[in-house]
Colleague: 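This structure is in structure tokens; I'll ask about it shortly.
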Amino acid sequence: MGGAVRRFTEADLPATVDLLVIGGGITGAATARDAALRGLSVVLVEREDFAAGTSSRSSKLIHGGLRYLQTYQFRMVHESVRERELMLSLAPHLTPLRPFLYLLYDGYPEGRALLNLGLTFYDAFSRAPLRRWHRMLGRDAVIRREPHLNRAGLRGAGLFHDALTDDARVVIDTLKAAADAGALVANHREVTGLIRTGGRVRGAEVTDRLTGEHLRIRARVVLNTTGPWADRIRRLEAPAAPDSLRPTKGVHLVLRKSDFPLEHALFLRSPRDGRVVWPIPALDEDYVYFGTTDTDYDGPLDEVVADTEDIDYLLEAANHAVPDAKLDYGHVVGTWAGLRPLIAPSSDVSASAVPREHQITQGPDGMLTIAGGKLTTARVMARQLVDAAVGVLADEHGLRGVPQSRSAEHPLSGGDRAQIFRARRLLADGDLDETVAERWLSRYGGNAAAVAELARQRPDGADPLGSTGLTTAEIDYAVHEEMARTVTDLLVRRTGTFFWTPDGGAHAIEPVAEHLGRILGLTQEDRRDQVATYLAWVRKNRPRPLDG
């Protein structure tokens, strides 16, 4: 079983660690894992919760980025599809493959021959088994598969495969693997200042936002992996540093599958501006999510939500794709929005044309910053960032002999296939409800055995709590093994209840909050505040008021 994510205190810290990672999204998590697997001492701190920013608000895909072939980003596509294939083995519980249809309509810039060529590159780059190579389908074959599609001008499609995922769970299981390898990690701890020695950044002042506890963490190298907040952290080192990012907002709508019937994930073009958009049947089979927008963003970084322009744009595209759906605001179950931390290009290009490649820079006092990139390539980004840090450790501290990255050789927590097999047999041998068992296996992989053990310790451990479907065992596991500290941590990042229920679990929030509060020792006031904070966030991401 993968290691638990345990909260550390100042007494747990060495006098000086090799690396301090600021930021607990996928890039920071992958960096902590890579470094710990090399034997380096690592501490990671996150201001909010793990994956609270971009890393829980993506398109929830482990994919090669087929659309980036149109802008000739061949290296990134090659890297991405190879990483997709690797993730199928490192985290099989989090990477179920799904069929995608890249639709062709009259007037699209890519014809059948060009799409076939692009998909051939996609398959060849990935070195996927031949049984998963793409097929070109004619109009009638597409309609047989998706009879509700807009038929006007439909010419056919390319059928290929990519992987869906729960992006926040990828972060959590990456961090658990990092902790298992020796990293110390903590959420809700904010870097408020940097420590300097001899004019070099050598650590950070950190404040626990839940308890007020203050820590000084000394480190030989400090790494900034904060995504859209990267410029904010850079200015702690160099207050006059110019902006390096051009963040763009991506919004997704959640629809009921009964309102928007779909069996395949689709790639098609918006009727308004020709951008590629995609509706995708969710891992929760009752829903389809539709994304995404790609617009420049200059608002507050800490509260990114969909606005009416975003929702109108996606509803227009959805109604164009399935005209009989006749969707309006009343059909929208919910929304989510996130920021892409893209590197500002030197030339003036549209938001959707800004390159997705990542970049590593070193500040004037030695802090290393990484920005750009995407979920699928986080392991590569982390490897390169740790390589850069190892260079600094050698040059400035004389630390040599650090091994090369081993991150491609070790599964994420819960991803070992033998452990998954044993967990599946364990759950099947008990009297656990089959639906609950399958959810545990897909969410926790081999770690589902640990959830089952917690369930056995109490008579109601596997009983669902209201409409959320959550069990007390899962809440116990989220707190004790995954450092869930608030209702929002639990319902957004640990379990995804926020995304896939119309009210975000509001009708069942009291028993959930009561059990969480009992484990954490929360006062009644703390519990009420956490519930209010969560419900306020749900409301901001629902285009209609919650009932009651």
Colleague: For D166, what residues pass the side-chain contact (heavy atoms from CB on, under 4.5 Å) criterion, not counting sequence neighbours?
Modeller: A168, R169
Colleague: Is a donor on one side and an acceptor on the other found under 3.5 Å between the side chain of T225 and the backbone of I22?
Modeller: yes
Colleague: Hey, does the side chain of D489 reach the backbone of R485 with a donor-acceptor pair shorter than 3.5 angstrom?
Modeller: yes
Colleague: Please list, one pair per line, the donor and acceptor atoms closer than 3.5 Å that link side chains of residues 44-51 to other protein atoms, with sequence neighbours excluded.
Modeller:
unit_1: E46; atom_1: OE1; unit_2: G24; atom_2: N; d: 2.7
unit_1: E46; atom_1: OE2; unit_2: E48; atom_2: N; d: 2.8
unit_1: R47; atom_1: NE; unit_2: E190; atom_2: OE2; d: 3.3
unit_1: E48; atom_1: OE1; unit_2: R209; atom_2: NH1; d: 3.4
unit_1: E48; atom_1: OE2; unit_2: R209; atom_2: NH1; d: 2.6
unit_1: D49; atom_1: OD1; unit_2: N187; atom_2: ND2; d: 2.9
unit_1: D49; atom_1: OD1; unit_2: R494; atom_2: NH2; d: 2.9
unit_1: D49; atom_1: OD2; unit_2: R493; atom_2: NE; d: 2.9
unit_1: D49; atom_1: OD2; unit_2: R493; atom_2: NH2; d: 3.4
unit_1: D49; atom_1: OD2; unit_2: R494; atom_2: NH1; d: 2.7

Colleague: Any salt bridge (charged side-chain N to carboxylate O under 4.0 Å, His left out) pairs touching residues 276-291, not counting sequence neighbours?
Modeller: none
Colleague: Less than 4.5 Å apart, any side-chain heavy atom of H148 and any of L262?
Modeller: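 Answer no - side chains too far apart.
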Colleague: In Å, rounded to the nearest 0.5 Å, how long is the span from CG of D123 to NE2 of H161?
Modeller: 10.5 Å
Colleague: Restricting to pairs with a member in residues 50-65, which pass salt bridge (charged side-chain N to carboxylate O under 4.0 Å, His left out), not counting sequence neighbours?
Modeller: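 Counting only pairs at least two positions apart or across chains, the salt bridge (charged side-chain N to carboxylate O under 4.0 Å, His left out) contacts touching residues 50-65 are K60-D167.
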Colleague: Mind checking side-chain contact (heavy atoms from CB on, under 4.5 Å) for T497 and listing every partner two or more places apart, or none if nothing turns up?
Modeller: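 Only T468, L470, L491, T495, T501 meet the side-chain contact (heavy atoms from CB on, under 4.5 Å) criterion with T497.
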Colleague: What is the distance from atom OG of S442 to atom CD1 of I420, rounded to the nearest 0.5 Å?
Modeller: 10.5 Å
Colleague: Determine whether R145 and L137 make a side-chain contact, defined as any pair of heavy atoms from C-beta on separated by less than 4.5 Å.
Modeller: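 Sidechains of L137 and R145: in contact.
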Colleague: Determine, for E453 against R456, whether the closest basic-nitrogen to carboxylate-oxygen distance falls under 4.0 angstrom.
Modeller: yes
Colleague: Hey, what do you get for OG1 (T174) to CG (L412), rounding to the nearest 0.5 Å?
Modeller: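 Output value for this atom pair is 4.5 Å.
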Colleague: State which residues pass ring pair (Phe, Tyr, Trp, His ring centres under 6.0 Å) with W336; sequence neighbours excluded, sorted by chain then number.
Modeller: H252, Y289, F499, W500
Colleague: Can you find a side-chain donor-acceptor pair between T9 and D12 that sits under 3.5 Å?
Modeller: yes
Colleague: Working to the nearest 0.5 Å, report the span between CE of M136 and CZ of F160.
Modeller: 11.0 Å
Colleague: Please examine the side chains of I370 and L223, heavy atoms only from C-beta on, and report whether any two atoms are closer than 4.5 Å.
Modeller: no
Colleague: Got a sec, which residues hit ring pair (Phe, Tyr, Trp, His ring centres under 6.0 Å) with Y102, two or more places apart in sequence or on another chain?
Modeller: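 Y102: ring pair (Phe, Tyr, Trp, His ring centres under 6.0 Å) contacts with F267.
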Colleague: So do the side chains of E482 and K176 get within less than 4.5 Å of each other, counting heavy atoms only?
Modeller: yes
Colleague: Using a strict cut-off of less than 4.0 Å between a Lys/Arg side-chain nitrogen and an Asp/Glu carboxylate oxygen, indicate whether K257 and E263 qualify as a salt bridge.
Modeller: yes
Colleague: Is any side-chain heavy atom of S413 less than 4.5 Å from a side-chain heavy atom of D180?
Modeller: no
Colleague: Rounded to the nearest 0.5 Å, what's the gap from CH2 on W133 to CG on L159? Could you check?
Modeller: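 The CG atom of L159 is 14.5 Å from CH2 of W133, to the nearest 0.5 Å.
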Colleague: Just jot down the salt bridge (Lys or Arg N to Asp or Glu O under 4.0 Å) partners of R84, sequence neighbours excluded, or say none.
Modeller: D162
Colleague: Hey, is D208 close enough to R7 for a salt bridge, meaning N to O under 4.0 Å?
Modeller: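 Yes, charged N to carboxylate O under 4.0 Å.
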Colleague: With sequence neighbours excluded, what pairs up with D433 under the side-chain contact (heavy atoms from CB on, under 4.5 Å) test?
Modeller: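 Scan of D433 (side-chain contact (heavy atoms from CB on, under 4.5 Å), adjacent residues dropped) gives T435, V436.
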Colleague: May I ask you to say whether R379 pairs ionically with E83, meaning some side-chain N is under 4.0 Å from a carboxylate O?
Modeller: yes
Colleague: Just one of I475, V531, I509, D476 clears the side chain to side chain contact (heavy atoms under 4.5 Å, CB included) bar with L516, so which one?
Modeller: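 Only match with L516 under side chain to side chain contact (heavy atoms under 4.5 Å, CB included): I475.
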Colleague: Under the ring pair (Phe, Tyr, Trp, His ring centres under 6.0 Å) rule, collect the residues that match up with F125, sequence neighbours excluded.
Modeller: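 Residues passing ring pair (Phe, Tyr, Trp, His ring centres under 6.0 Å) with F125: H78, F121.
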Colleague: Using side-chain contact (heavy atoms from CB on, under 4.5 Å) as the criterion, list what pairs up with A317, not counting sequence neighbours.
Modeller: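 A317 satisfies side-chain contact (heavy atoms from CB on, under 4.5 Å) with P271, V277, F290 once adjacent residues are dropped.
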Colleague: Should the heavy atoms of other residues, nucleotides or ligands under 6.0 Å from CD of Q404 be counted, would the total exceed 12?
Modeller: no
Colleague: Is any side-chain N of the basic residue among E79 and R75 closer than 4.0 Å to the acidic one's carboxylate O?
Modeller: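 A salt bridge is absent here (no side-chain N lies under 4.0 Å from a carboxylate O).
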Colleague: Tell me whether R38 is salt-bridged to D387, with the criterion being a basic N under 4.0 Å from an acidic carboxylate O.
Modeller: yes
Colleague: Filter on side-chain hydrogen bond (donor to acceptor under 3.5 Å, both in side chains), then keep only pairs touching residues 527-537, sequence neighbours left out; what's left?
Modeller: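 Checked against side-chain hydrogen bond (donor to acceptor under 3.5 Å, both in side chains) - neighbours excluded - the pairs reaching residues 527-537 are Q524-R527.
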